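Okay, so here's the structure we're looking at.
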Amino acid sequence: MCGIVGLFLKNSKYESQLGALMADMLSEMSDRGPDSAGFAIYGGTGEGLKMTLRGENLMDIAQELSLHLGETVTCKLHGSHGVLSLPEGTAEEVRAWLAENHPDTVVTGAGKRIELYKEVGLPADVASAFGLAEMSGTHGIGHTRMATESRVTTDGAHPFSTGPDQCLVHNGSLSNHASLRRVLKHQGVKIETENDSEVAAGYLTWKMHDGASLAEALKAGLDDLDGFFTFVVGTEDGFAVLRDPISCKPAVMAETDDYVAFASEYRALAGLPGVEDAHVFEPEPSRVYAWSHVN
Amino acid sequence: MNEVDLNETSVRDFNGQLHALDEQSNALAWRALNPAGRHCLAVGLDAPCEVTIAGHAGYYCAGMNSQATVVVEGNAGVGCAENMMSGHVHVKGDVSQSAGATAHGGLLVVDGNASARCGISMKGIDIVVKGSIGPMSAFMAQAGRLVVLGDAGDALGDSIYEAQIFVRGDVKGLGADCVEKVMRDEHALALRELLKAANVDDSISPEEFRRFGSSRSLYNFHVDNAGAY
């Protein structure tokens with residue numbers, strides 16, 4: 001079992017409350033996943049590059065990076081994580097520099113708008129440690145984990161990000177993740193953990209790198225991913241939802257004029273503003289649902 | 001009327017109060033406020049009481065019901081009225097997966113849609129869905145009737161035994177051993193009674209439905225059918 005939540009705001013009305021709403025949703029899904037929790041928040045103007053790091057002495061690392069790049073790098077700390085503001089186009093260089101100079105520092109996510117936080121512990125504690133309730137943004141996805149396929153570690157927590165501004169949360173378990181991991185490694189996709197869900201994230205990144213849209217990549221996953229899944233995938237502009245062909249894992253959605261919300265169970269949506277008048281529905285199996293600010 | 005605010009009373013206490021009822025009890029009408037999708041509301045009832053859930057219910061609402069009438073003024077989550085023995089469950093919104101699963105008796109009426117596996121392994125319950133039902137519904141359904149005013153999803157009635165299925169709209173696909181059957185007068189008559197019990201509008205006639213059931217070809221093993229099991 002695991003719990004997933006997602007909140008996509010259609011307008012700016014609740015942007016300043018995005019984190020507070022998501023914190024309540026995550027906390028409500030504690031019963032489904034008390035091991036660890038994580039979330040990705042999309043916000044900011046999209047200028048430059050944001051990179052979320054986990055590790056020690058992140059402020060010092062930002063200073064060292066400023067010297068290395070010859071440009072100002074700032075870092076905003078949130079608990080055990082920090083978000084670097086970097087010049088655009090420096091992601092690969094910074095990753096390589098970190099690997100060489102600070103190999104214990106983990107990049108949890110990077111892109112124009114993504115910030116990605118995850119930690120072991122009860123969802124409410126994790127949300128509070130990162131100050132989720134004070135965060136704002138346009139959309140976000142979150143996960144509460146009850147581990148099945150790999151150990152309870154921070155690295156094994158969701159979301160998994162394997163591409164710029166992309167991340168995935170997963171409820172379910174994949175049976176062919178070992179063989180698929182080998183295929184992906186052969187294709188040059190970097191998989192960091194033994195977790196099955198990271199393989200799904202890597203698979204989508206690989207497909208999109210080959211030119212597929214997110215919807216096409218998810219559709220292809222129906223053939224290539226063997227197992228049970230409800231996925232919510234975050235992108236720079238929105239999120240997408242897909243359930244396996246027998247809808248093994250639960251999902252419910254609520255849509256109003258102001259937002260589209262996803263949760264494993266309705267009770268995580270019950271506190272959202274105006275949800276009593278929302279269109280509440282269950283996403284169908286094998287069907288890709290996507291919301292974007294671009295369209 | 002007894003009102004219980006679920007923001008103040010735990011589900012365990014609420015259910016405990018309902019379990020204490022019997023046919024001699026004075027207060028048989030109950031209303032639960034602020035359900036907020038909580039699980040296991042009004043489960044295991046065994047008294048002729050009337051319980052209204054004023055909002056959306058979570059998983060297993062009215063599960064294992066005997067005698068009681070449970071009305072949900074919203075949607076209900078997974079396993080609504082599962083294993084019901086008798087009584088009446090009315091959901092005014094949609095129901096999630098496995099509604100009426102394994103239920104032996106009683107009537108489940110859904111004003112909206114039901115998602116996957118509606119009536120899975122049903123053993124005597126009558127289910128009337130006024131909207132459409134999802135895939136894999138009535139899987140291994142043994143007895144009872146599943147009536148759908150809208151459409152049915154794929155693999156309807158897979159490995160069905162003696163349950164009867166009536167669908168007014170389109171059927172995306174039939175599961176193994178489920179076939180369309182002739183709607184005889186006796187079926188139309190019984191269906192009319194059931195539609196009436198479910199408060200279905202008079203303008204909807206039993207003749208608009210098609211009947212489905214088991215071809216019984218998988219009941220006894222025949223090697224040519226090995227692939228269908």
Side-chain angles (χ1 to χ4, degrees), chain A residues 1-5 7 21 24-34 144 146 171-172 222 228-230 241-256 261-287 289, chain B residues 6-7 10-11 32-41 53-61 72-80 91-99 110-118 120 129 131-137 139 150-155 158 172-173 175:
Chain A
M1 200 191 279
C2 286
I4 1 184
V5 300
L7 187 56
L21 295 170
D24 287 347
M25 293 167 81
L26 265 186
S27 169
E28 194 62 47
M29 288 293 93
S30 287
D31 296 348
R32 296 189 65 88
T144 65
M146 190 178 283
N171 176 199
L222 288 168
F228 304 127
F229 50 83
T230 295
V241 172
L242 177 68
R243 303 174 79 191
D244 67 58
I246 64 162
S247 53
C248 185
K249 296 296 177 183
V252 61
M253 305 205 61
E255 182 164 14
T256 71
F262 172 97
S264 297
E265 299 175 21
Y266 175 79
R267 60 195 169 120
L269 307 177
L272 291 174
V275 76
E276 51 282 355
D277 300 318
H279 170 50
V280 177
F281 64 100
E282 190 170 320
E284 292 173 21
S286 302
R287 181 173 158 189
Y289 294 78
Chain B
L6 292 168
N7 284 342
S10 73
V11 172
L33 308 175
N34 299 312
R38 287 180 174 87
H39 299 328
C40 302
L41 295 171
I53 310 293
H56 299 312
Y59 288 12
Y60 314 125
C61 179
V72 180
E73 293 179 337
N75 304 325
V78 172
C80 178
V91 179
K92 295 189 174 178
D94 297 336
V95 290
S96 183
Q97 302 188 23
S98 305
V110 179
D111 290 351
N113 302 313
S115 67
R117 291 177 274 276
C118 179
I120 181 172
V129 179
S132 297
I133 60 172
M136 293 162 279
S137 288
F139 176 64
D151 303 329
D154 210 4
D158 193 288
K172 192 169 181 196

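Chain identifiers are assigned alphabetically (A, B, ...) following the order of the sequence lines, protein sequences preceding nucleic acid strands; residue numbering begins at 1 within each chain. Excluded from the calculations below are hydrogen atoms, water molecules and symmetry mates; all remaining heavy atoms, backbone and side chain alike, are included. These numbers were taken from a predicted model, which means no experiment stands behind them.
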* To do: Answer yes or no: does atom CZ of A:F281 have more than 12 heavy-atom neighbours from other residues, nucleotides or ligands under 6.0 Å?
  => yes
* Structure fact -> Of B:G93, B:A57, B:G74, B:S115, the largest count of non-hydrogen pairs under 4.5 angstrom with chain A goes to B:S115
* Structure fact -> Okay, A:P285 and chain B: the region with an atom under 4.5 Å from a heavy atom over there is side chain
* Minimum-distance pair of heavy atoms, taken over all atoms of A:S264 and B:Y59 -> O-OH, 4.0 Å
* **Value rounded to 0.5 Å, distance of NE2 in B:H56 from CG in A:L269** => 9.0 Å
* Could you tell me whether a side-chain N or O of B:Q97 sits under 3.5 Å from a main-chain N or O of A:S247, the two making a donor and an acceptor? => yes
* Asked: Any side-chain heavy atom of B:S96 within less than 4.5 Å of one from A:Y266?
  -> no
* Checking A:I246 against chain B: side chain, backbone, both or neither under 4.5 Å from a heavy atom? -> both
